[in-house]
Amino acid sequence: MTSLNETTVNPTSMPMFMGPTFPDMSQLPNQAQNAAWMQMAMSDRQQANTIWMQMLAEAQKAQQERMKILRDTQTKIFEMQQDSTNNWLATSSKSNAEFCKAIMA
C-alpha cells in the first residue's frame, strides 16, 4: 500500500476540463485601462446628473411662470366681474330712481 505522499498522478487518467476557453491574458484590459474606463463612466454619470438637474430646474421655473399667469388671469377676471357688478348696480339704481320719480309724478 502506498501513502498519499508517494502517490503520483497520471495526467492521462485526469479528466480534461471542457469549460469555456479563457482569453489570452494579454488581451484583457489592464488595471490602468479599467481605471480610465471607470473615470469616464463616472464623468458621464455626473454630466447626465447635471443635465437632469438643469431640466428639473427649468421645469420648476416654467411651472411657476404658468401659475403666475393663472393667478394674474384669475385676478383680471375677478376685477372685470366686480366692475360689471358695480356698473349693473349703478345702472339699476339710476333706473329704479327714475322709475320711482315717474310713478310719483
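By convention here, the first residue in the shown sequence is residue 1. Remember, predicted model here, so these are calculated numbers, not experimental data.
- A donor-acceptor distance shorter than 3.5 angstrom exists from the side chain of Thr73 to the backbone of Ile69, with no hydrogens or angles considered.
- Separation of atoms CE (Met80) and CD1 (Ile77) is listed at 7.5 Å; rounding is to 0.5 Å.
- Arg71 and Gln74 share no donor-acceptor pair across their side chains, judged by distance under 3.5 Å alone.
- Taking the side-chain contact (heavy atoms from CB on, under 4.5 Å) definition, one finds that Lys61 meets it with nothing, sequence neighbours left out.
- In this structure, Gln63 places its CD atom where more than 12 heavy-atom neighbours from other residues, nucleotides or ligands lie under 6.0 Å away.
- By the salt bridge (charged side-chain N to carboxylate O under 4.0 Å, His left out) test, Asp83 pairs with no residue at all, sequence neighbours left out.
- In this structure Gln82 satisfies the side-chain contact (heavy atoms from CB on, under 4.5 Å) test together with Phe78, sequence neighbours excluded.
- Residues that satisfy the side-chain contact (heavy atoms from CB on, under 4.5 Å) test with Arg45, not counting sequence neighbours, are absent from this structure.
- At a threshold of 4.0 Å, the pair Asp72-Lys68 counts as salt-bridged, since one of the basic side-chain nitrogens sits closer than that to a carboxylate oxygen.
- A distance of 9.0 Å separates CG in Leu70 from OG1 in Thr75, rounded to the nearest 0.5 Å.
- Residues forming a side-chain contact (heavy atoms from CB on, under 4.5 Å) with Gln39 (at least two apart in sequence, or on another chain): none.
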